[in-house]
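In what follows, a structure is listed as structure tokens, so that the remarks can point back to it.
Here is the naming used below: chain letters follow the sequence lines, and residue numbers restart at 1 for every chain. Remember, predicted model here, so these are calculated numbers, not experimental data.
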2 protein chains.
Amino acid sequence: MLISVKRLTEIMCATIKDVAEEAKVSIATVSLVVNNHGRISQETRKKVLKAIKKLNYLPSRSARRLVSRKTGNIGFILTEEHFLHTEPFYTRIFLGTEFEARAIDHYVLLATISSSYKKGDALPRFISERNVDGIIVAGKVPDALTESISRYKIPVVFIDFSPVIGDYPNVITDNLKGGLLATDHLIQNGHKNIAFVGGEISHPSITERLRGYKLALERAHLNSDGELVMTNDEFLSRQNGYNSAKKLFELQKNITAIFAANDATAFGVMQYLKDNNHKIPDDVSVVGFDDVEADLLIDPPLTTVKVPKLEMGIEAVQLLLTMIKSSNGTAKKIVIPVELKVRGSTKSIN
Amino acid sequence: MLISVKRLTEIMCATIKDVAEEAKVSIATVSLVVNNHGRISQETRKKVLKAIKKLNYLPSRSARRLVSRKTGNIGFILTEEHFLHTEPFYTRIFLGTEFEARAIDHYVLLATISSSYKKGDALPRFISERNVDGIIVAGKVPDALTESISRYKIPVVFIDFSPVIGDYPNVITDNLKGGLLATDHLIQNGHKNIAFVGGEISHPSITERLRGYKLALERAHLNSDGELVMTNDEFLSRQNGYNSAKKLFELQKNITAIFAANDATAFGVMQYLKDNNHKIPDDVSVVGFDDVEADLLIDPPLTTVKVPKLEMGIEAVQLLLTMIKSSNGTAKKIVIPVELKVRGSTKSIN
DNA sequence: GAAAAATGCTTAAACGTTTAACTATTTTGA
DNA sequence: TCAAAATAGTTAAACGTTTAAGCATTTTTC
């Protein structure tokens, strides 16, 4: 009589069948133990767990997916520009999603798309191949992308962005509050001529930050008619901040404080100020937004509105998971609170 | 008589069975057509392809993987520090792997590990769960990680790093050549007191760059005994470059050119020079290494050694794939050529 | 003390592919 | 002319799980 014995080398993985044999139970029992389903006696459970440990068993993802019709993957979409962005903003958000995905035993598939995505362009493969259970879109993306994605009936959560058309679940920062905090801080420090500098003005987040700025000025009965507002719709970059500051100072000389729409812009503004012999914060105070921690050699350290980036990623994954589970279409929105980090770039002039 | 008809909604995916029914062939035939195997007549092939198109069929990855015992995934490991790094160096390499992986119909799973990984720490999940067919490790990682990974018999390719112990396949830049190019450029421009500034000196790539620097000096019969070499083993950062430049200039006043071990370091050096009223390139020329294209507002633009980052990622994936296919253990090494990009930060003093 | 309910485990089908082995037909070769 | 070879397709097992349904036991209920 010939018995075929499967030799388990270190390279091969033990299967549920091996565990069942080892524990002398059926494979169904093993499955029930592994998934904490069904009614299994303490005794049997122990036997099975022991066998699992002995054989170093791990369930096969492929097999699980095949039967559960879930992939266990989450797609993360980012424009290439944002991914390669100098300041680690979206990369930190990604790290947050990675972190939370691990906790719920999922994988995050990262895909970048062109910032100039237009109708008909190829979507990330994981969508057409249905290799994800849900999608996270971080940062501003073209409407065409949103439209293309929504044709596939896959749950989507947006982070730090909300498409203008349609109603989607998203996780955003409290931009209005941030704008208020930043501007109030400057007002409380005696500043009266406070400028706003920013790009991507069509981005809802930036609009909100500007709204916070204006609201704070109004409340303080300061001039808020916008003559100190220097905006455009270009990418929020250092270069952009530099150029905007230049324009601003060529028009207005008596500015004592600047609220920049984000840190990158603020760094550009600071560079302009340094190059033109305005001392920070003695001559001009600068406030940013985002709080991108990095080796940027910024002097003085920037007062800014801290955005909890990791947390945003975590929240997005949690939100997405409930959507995947319930296939609930209600567009829940999560607003993450912000806080002001006062550092060396602002100063009281009272 | 009751016929159960599977209704294909837009949400459900057509399976190979649906295609087979539509084309009135067996599912094996469909599989053979899809995979270009076997002997199938033109006629049948056409029928099948038509049905595939009509039903918008895409093979299920889960099912494929289950039977092929391959995951179709590639793991990409990076230290958290490198991932969040200001200059988009490793992120660009990642993009290269993503690009090539797409071409060979694979997915890249990104995982970050702590820079202080030590024996016993958890490896990225995709390893223990065997959710990848091969692994790419980018940048310098602790030896403990290399050791832990190699216990799993999974193909590994290193990018921009080569573990000291063991013999692994890798893709590296021609660092020696780069060091030579950079230093020769300065020598040809009449510089005699050329300093080398860099961190991570235990990193083989940096050692090679330094070797290139020394070799070039020797060839030109210039002093190469190392008194103008300022190195440490800390992370290559702006801050590091700034501090090193400071130390250097406190000791030596007549330096006219600096070769920095990478661009980040060079930016730090430039910042120090600016802060201390050394004009670039009039007083001091600066050369970097890497060529990280980004919105960094660097003035003047940095002369540097260009490293083809995307290409490195591409090469690594190709190398990894041949290893996966052949399970060939020979540690192939690929050296990517570099070129000097002359920009505004260097000047002839002849 | 018998019917009903609870407990503990097993059987077997299903998920969607790939592929070795097989069958049936047509073509080739001497 | 007929065996051998080539061609074109099919059958069925296998991959490793999950889970509904089923089947013995044992316990509860009245």
Checklist entry - Looking only at heavy atoms, what is the nearest atom pair of B:Tyr57 and B:Thr15, with distance? => result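 That closest heavy-atom pairing would be CE1-C, 3.5 Å.
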Next on the checklist: On a heavy-atom basis, which atom in A:Ile40 and which in A:Arg45 lie closest, and how many Å separate them?
Outcome noted: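 Scanning both residues completely, I find the closest heavy atoms to be CG2-N, 3.8 Å.
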Under 3.5 Å, N/O pairs linking protein and nucleotides 12-14 of chain C:
none

Checklist entry - Relative to B:Tyr107, does A:Arg125 satisfy both conditions: NZ or CZ under 6.0 angstrom from the six-membered ring centre, and within 45 degrees of the ring's axis? => result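 Yes, cation above the ring, under 6.0 Å and within 45°.
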Rounding to an integer number of Å, can you tell me how far [X] [atom1] sits from [N] [atom2]?
{"X": "B:Lys17", "N": "D:dA12", "atom1": "NZ", "atom2": "P", "value": "14 Å"}
{"X": "B:Ile16", "N": "D:dC15", "atom1": "CD1", "atom2": "P", "value": "18 Å"}
{"X": "A:Arg130", "N": "C:dG16", "atom1": "CZ", "atom2": "P", "value": "13 Å"}
{"X": "B:Arg61", "N": "D:dG16", "atom1": "CZ", "atom2": "P", "value": "20 Å"}
{"X": "B:Arg39", "N": "C:dA20", "atom1": "CZ", "atom2": "P", "value": "12 Å"}
{"X": "A:Arg65", "N": "C:dT17", "atom1": "CZ", "atom2": "P", "value": "16 Å"}
{"X": "B:Asp18", "N": "C:dG16", "atom1": "CG", "atom2": "P", "value": "8 Å"}

Return the nearest nucleotide to the side chain of [X]; candidates are [options].
{"X": "B:Asn35", "options": "C:dT18, D:dT18, C:dG16", "value": "C:dT18"}
{"X": "B:Arg69", "options": "C:dG16, D:dC15, D:dT10", "value": "D:dC15"}
{"X": "A:Ala63", "options": "C:dT10, D:dG16, C:dT18", "value": "D:dG16"}

Next on the checklist: Need to verify one output field. Residue with the more 5' nearest nucleotide on DNA chain D, B:Leu66 or B:Lys24?
Outcome noted: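 The residue mapped nearer the 5' terminus is B:Lys24.
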Establish, with yes or no, whether the OP1 or OP2 oxygen of [N] is under 4.0 angstrom from a side-chain nitrogen or oxygen of [X].
{"X": "B:Ser31", "N": "C:dT17", "answer": "no"}
{"X": "A:His37", "N": "D:dT19", "answer": "yes"}
{"X": "A:Ser26", "N": "C:dT10", "answer": "yes"}

Checklist entry - Between B:Phe83 and A:Phe94, what is the ring plane arrangement, given parallel below 30°, perpendicular above 60°, and tilted in between? => result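 Ring orientation, 0 to 90° scale: tilted.
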Next on the checklist: So does B:Gln42 get a backbone contact from the side chain of B:Lys47, meaning a donor-acceptor N/O pair under 3.5 Å?
Outcome noted: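 Checked: no pair found.
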Give [X] one of three labels, base, sugar-phosphate or nothing, depending on what nucleic acid heavy atoms sit under 4.0 Å from its own.
{"X": "A:Ser41", "answer": "sugar-phosphate"}
{"X": "A:Ile40", "answer": "sugar-phosphate"}
{"X": "B:Arg64", "answer": "sugar-phosphate"}
{"X": "B:Ser68", "answer": "nothing"}

Checklist entry - Just wondering, do B:Val108 and B:Asn73 contact through their side chains at under 4.5 Å, heavy atoms? => result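 A side-chain contact is absent here, since even the closest heavy-atom pair is not under 4.5 Å.
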Item to check | Pair B:Glu98-B:Arg102, salt bridge (charged side-chain N to carboxylate O under 4.0 Å, His left out): steps then yes or no | outcome: CA-CA 6 Å; B:Glu98 230 307 306; B:Arg102 198 178 313 171; 3.2 Å; yes
